[in-house]
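Numbered from 1 within each chain, the chains take letters A, B, ... in sequence-line order. All figures in this text were calculated on a predicted structure; none of them were measured in a lab.
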Amino acid sequence: MVEQVNSFAIKTKNVSVHYGNKMAIDDVTINFTKNDVTSLIGPSGCGKSTFLRCLNRMNDVIDSCKVQGEFLLNGVTDIYGDSIQVETLREKIGMVFQKPNPFPKSIFENVAYGPKIHGLASTQSELNDIVMESLNRAGLYDEVKDRMDDIATGLSGGQQQRLCIARAIAIRPEIILMDEPCSALDPIATARIEELINELRENYTIIIVTHSMSQASRISQRTAFFHLGKLIEHGDTSKIFTKPDKEQTNDYITGRFG
Amino acid sequence: MIYFALLILVIISYLFYYIGKKRALNLKFNGNIKLSSQPDYFGYYVVLMALIPALLMWFGLLLFKGNFQEMFVMSPILFPDISTWSDGKLGLILNKLNNLSVIVNLPLDDLTNGEKSILNMASENELTAAKNLANFDKIYGWANLTLFIILPIILGFLATRSISGKLNAQPIVEKIITYIIKGSSYIAILITIGIFLSLVFEAINFFRYVNPVDFFFSTGWNPNRAFVVDASEGFDKDDLENAFGFIPLLTGTLLIATVAMIVAIPLGLMSAIYLAEYASKRVRDIAKPIIEILAGIPTVVYGFFAALSLAPFIKDVGESVGLPVSAESALAAGLAMGVMIIPFVSSLSDDVIKAVPQSLRDGSYALGATRSETIKKVILPAALAGIMGSFLLAVSRAIGETMIVVMAASLRANLTFNPLEPATTITTQIVTSLIGDVEFDNPKTLVAFALGLTLFLMTLLLNILAITIVKKYREKYE
Ligand SMILES: Nc1ncnc2c1ncn2[C@@H]1O[C@H](COP(=O)(O)OP(=O)(O)O)[C@@H](O)[C@H]1O
Ligand SMILES: [Mg+2]
């Protein structure tokens, strides 16, 4: 497969992460193609979340966490370099967490939070437009349009998670990281989000951690299998789930461990 | 004597625990009897059975000791005119008899001259009464000892003997313990109610002299107008008119509390933010207890700090820029009080800020917000209710504070909002009204209860408000 340098949203090389003396990621090299959904799978504790959080530097706040290796955004910008501020980086790389975490503010204020901080709207009506469009894309607008001023924590779990997605896309990121976004949701809400991820793929590069292999096979084009902090195998989802190169991968997807 | 008896009681109960348990074990293993409770419970059962009746009777004796004593000692047989005695005379005679009873049974040779003359001065009846009193004390002492040692031993052995396969000790023990626990909490509640009621009754007494409308709405505070040589002659209504006006005390209290909050809110809140969001764990572990020490410094120390250092300093500074500052300015008292309540604000606010879930911080950082934006726009709003609660608790503490204002604030009621002038507070006036000759038939003294009741209601209201707010805030994340 011949690929252009700029067709990678994020390139990483020789990434190692330690929590204190404990190694969590061991020499991982992986590139994420643009406008694809990439699933990170693997048994719990293998370092999927840790790796994902390196990509938008969410590990910076954990004192004991030391990140080594090379991270390039769009093939040029060093994610950990001086040329980009961490706030600007996170404007480009959004994140959705495992547990829905809307702010205890109104639905409107939740979505408007990012655009306000980054000055994306110069007038109130522009801000309204951004909020409306983001809620629309997250498939939530119709459900909440009559109660935009209600407190967001009153929404159902699935709605809250879609609100968090709306909040993330309101600042127009290029990449969205998702850490098990459906693990706290029921099957119907999960299906809704999976549908949404499929739609978002058009405009965003999505990297999603999931513990559900069926979910990975449903929503992603690329899949990476992690085990004990190492990247075991990475490739097209169809290939990983039908004829993986490594026996370990095969054991995992056929349910022999993990 | 009583401590010795208590010690013996502890030893006895310890022994009975083992005896009861032992007997139960014996029955179980040697007698092959199936017990309906664990052996431990039989131990507790015996202890409770042995102790509780003795303790109850001891308490009863204590309660009625005075009555028994009067029956033997202060009886109409010895003192025929006793029913005409005033309370004061009764007390004096009883006191005299108490003194006599110590020496009345001693051989004359052992007495000092002073003691001999006391004996000589006593009347025949008084001596008899004193002897009765001495005998009574002896009997009472023996009764106590019996209750404390002999009764528990007898009851304990009876209880031990009653242990059998049929006796189910566990529910009995648990029931008794539940009663004890229940009783303790009722006692605490009853005491609270009792204190409140005594405040209410004395306040009602006060309002018999002073019209409540005058008290709550008049602006003159001159309690010395109620000074009369003999209260039984009554008071002149005009004298009391402007004597007990609550308003200047209220404004004084609020003025000083406001100064205190102006100091405590910014300092407390900012140190809370620093501790919760910026300080490393090491700094936090050291700094937080140190700040909390501020609340542990005895308020009297703040008081003399305010009166001896702060007040003169403020006066000097004020005068050097041409401001007239009183030597007992509200400012000095308020500043010292403000420092004292910093930890109330900082510690509680720090807790509520810490309680804001990490996931909200993550959510904000992930949207590219800086730390200060996150604090301003997410954390503080989320913690707002709890922070307000901490403010209210601090205000209520400031309003109820006594020692600092007694030492540093003025005694002169002064209707002012200028912190450079002297002001007095509700608590200060309560203290003043109870110092010196205290007569409970004089509104000058009784006003303390009206003030106390008002103060109590004010702080109670603030506390209820604060607790409701904090609770509401907690529910949001649970
Ligand atoms: N904040 C942390 N401090 C110390 N160790 C951590 C921390 N977060 C994760 N780890 C450790 O790093 C390893 C990888 O964790 P994680 O990335 O959460 O795994 P996954 O998401 O695949 O379940 C685990 O062994 C975990 O215990
Ligand atoms: Mg994880």
Contact part of [X] toward chain B, heavy-atom cut-off under 4.5 Å: side chain, backbone, both or neither?
| X | answer |
| --- | --- |
| L177(A) | neither |
| R57(A) | neither |
| K116(A) | neither |
| P173(A) | neither |

Can you name the closest pair of heavy atoms from [X] and [Y] and give their distance?
| X | Y | value |
| --- | --- | --- |
| S359(B) | N101(A) | O-ND2, 2.7 Å |
| F103(A) | L360(B) | CE2-O, 3.5 Å |
| G368(B) | I117(A) | O-CG2, 4.2 Å |

Is the count of non-hydrogen atoms from other residues, nucleotides or ligands lying under 6.0 Å from [X] atom [atom1] greater than 12?
| X | atom1 | result |
| --- | --- | --- |
| M458(B) | CE | yes |
| E126(A) | CD | yes |
| E202(A) | CD | no |
| N21(A) | CG | no |
| E174(B) | CD | yes |

Residue, of R371(B), K377(B), K281(B), that accumulates the most heavy atom pairs under 4.5 Å with chain A |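 Of the options given, most contacts go to K377(B).
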
Atom [atom1] in [X], atom [atom2] in [Y]: separation rounded to 0.5 Å?
| X | Y | atom1 | atom2 | result |
| --- | --- | --- | --- | --- |
| Q98(A) | D362(B) | CD | CG | 12.0 Å |
| L367(B) | M95(A) | CG | CE | 11.5 Å |
| T374(B) | Y113(A) | OG1 | OH | 4.5 Å |

By a 4.5 Å heavy-atom criterion (distance strictly below it), what part of S364(B) contacts chain A: side chain, backbone, both, or neither?
->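 When you check distances to chain A, atoms from both the backbone and side chain of S364(B) fall under 4.5 Å.
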
Selection from K99(A), E109(A), K92(A), K105(A) maximising heavy-atom pairs under 4.5 Å formed with chain B |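 Answer, by heavy-atom pair count under 4.5 Å with chain B: K105(A).
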
